[in-house]
There are 2 protein chains.
Amino acid sequence: MTKWLNRLIKPNTQMSEKEKINTEEKILQAAEEIFVKDGHSGARMQQIADKAGINKSLLHYYYRSKDKLFSTVFKFIFSKLASDIMNIFDSEEDIFGKLEKFIENYLRILMKNPIIPMFILNELNKKGNNLATIIIKGSNINLNKFEEIIQKEIDAGNIKNINPKSLIINILALCVFPIIGRPLTEEIVFNGDTKKYDEYLGQRKDEVFAIIKSTITIEK
Amino acid sequence: MTKWLNRLIKPNTQMSEKEKINTEEKILQAAEEIFVKDGHSGARMQQIADKAGINKSLLHYYYRSKDKLFSTVFKFIFSKLASDIMNIFDSEEDIFGKLEKFIENYLRILMKNPIIPMFILNELNKKGNNLATIIIKGSNINLNKFEEIIQKEIDAGNIKNINPKSLIINILALCVFPIIGRPLTEEIVFNGDTKKYDEYLGQRKDEVFAIIKSTITIEK
DNA sequence: AAACGGTTTAACCATTTGGTCAAAGATATG
DNA sequence: CATATCTTTGACCAAATGGTTAAACCGTTT
């Protein structure tokens, strides 16, 4: 009973055996794949068990219910993405270089995980979802730091006096939309030409940076 | 047997009685509400029947299966939104005025139906979804016209030599993201302040137009 | 080897869910 | 009115689904 209780209280407690971790890990990986692909209500416990190569009962042994398993997976995915993003602003360049790096890295991450943002937005938009606030507040995302940096640059007269909040939203919008809107935009803008769309995404970072740059540059 | 067959072949056939349309209409409205709120896999047929105030069997009588009902609803919603958008470009102003009107109207529509875009994007991103191509191709969305207009302006030297496809994507991105990303951005950028976010959305159109304008304006 | 605690499984369960069917109610038609 | 067609309902069904349980399994400790 001890280990079991331990896992509930301190989920990250390391277990003495190294092999046994594998099951929990396998479940998590399988669940991640299925949940991301099908969403909470679309995913099936049996499907996850099959993908993990284990009995369905084991899912309930390690994670008591579908909801618990889901929220674990969601938290995991979100924090992984969030930390990836947050680690980006540590470069020592000027504000323009920082923004360029940020956009470049963010787009790279999104393109490497193209279904993750849709998954997150989709679940966040579900009615009666307290998960959003809970998880986001629990995450290490800290945009105050970002806003401070921008404000400092404005005060120093290096960039236009824009709203830092808008800047964030615009960057996110311009980066995220081509990924989550792909089925739509690829079809309606690129007439379904997948290769062309890939090319487009490849140079999207330059486009986004150019736009963002123009919104903050002081005209002479 | 005739009417029933008729409905399958020509779904929009008007029926002789005026009252009887009500049931089909009630189902459609209820289904629209439920599907948009819960998505395809989250919605329940019983739920829809209850909301429509009818027997569940009637759902299957009018629309043979859940999938058929869903695709009908989806098609309906999508074309409604699409035509709303397409009817916007008929103003007689110059290109800047046209774009401003477009952004203004598009944002207004989105804000009036804030969960529709998420619904559409979400379903379009489902694996194995042929609905996307089918419905989009069947819609009256025609961006060639838009691209032509832009190209003409470029040739006339009125705007910068930009990629019309990028212009479309940027407008969509800047308009749609604040709506579909609201749970996220409201929390992480506005610290959960709903009123502030509403205010922000209220003046978003000016922001978006300013950005779009700056991306096409020729600097002297 | 026996006892113990964590792990895994198969069988099972209650409920939900999409869907069917036969029959009853309407409504038009001859 | 009688007949045929269309509409609506309640009872029912098979499959799916999240979840439980008792027992088997297995490594460790004594």
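Proteins get letters first, then strands, A, B, ... in listed order; numbering begins at 1 in each. As the structure is a prediction and not an experimental result, all values here were calculated from the model.
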What is the distance, rounded to the nearest whole Å, between atom [atom1] of [X] and atom [atom2] of [N]?
X      : N       : atom1 : atom2 : value
L58(B) : dT9(D)  : CG    : C1'   : 8 Å
I48(A) : dT17(D) : CD1   : C1'   : 12 Å
I54(B) : dG10(D) : CD1   : C1'   : 14 Å
Y61(A) : dA10(C) : OH    : P     : 17 Å

T23(A) side-chain proximity, nearest of dT9(D), dT8(C), dT9(C):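 My answer, after comparing the listed nucleotides, is dT8(C).
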Of the listed nucleotides dT9(D), dT7(D), dT8(C), the one nearest the side chain of Y62(B): dT7(D)
L69(A)/I27(A) under side chain to side chain contact (heavy atoms under 4.5 Å, CB included): CA gap, chis, key distance, verdict: CA-CA 9 Å; L69(A) 176 57; I27(A) 291 178; 4.2 Å; yes
Between Y197(A) and F190(A), ring centroids under 6.0 Å: yes
Qualifying side chain to side chain donor-acceptor pair (under 3.5 Å) pairs, either residue in residues 115-125 of chain B, two or more places apart: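 Those involving residues 115-125 of chain B are N122(A)-N122(B), E123(B)-K126(B).
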Neighbour count >12 (heavy atoms, 6.0 Å) for atom NZ, K196(A): no
Below 4.0 Å: OP1/OP2 of dT8(D) and any side-chain N or O of N55(B):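 No, N55(B) has no side-chain N/O under 4.0 Å of OP1/OP2 on dT8(D).
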Summary of protein contacts for nucleotides 13-19 of chain C, nucleotide by nucleotide, where a base hit scores B, a sugar-phosphate-only hit scores S (4.0 Å, heavy atoms): ----SBB
Donor on one side chain, acceptor on other, S57(B) and N55(B), under 3.5 Å: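 The answer is yes; a qualifying pair exists.
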Distance-only donor-acceptor pairs under 3.5 Å for side chains of residues 166-175 of chain A, two or more places apart:
residue : atom : partner : partner atom : Å
S166(A) : OG   : Y200(B) : OH           : 3.4
S166(A) : OG   : E207(B) : OE1          : 2.9
S166(A) : OG   : E207(B) : OE2          : 2.8
N170(A) : OD1  : R204(B) : NH1          : 2.9
N170(A) : OD1  : R204(B) : NH2          : 2.8
N170(A) : ND2  : S166(A) : O            : 3.1

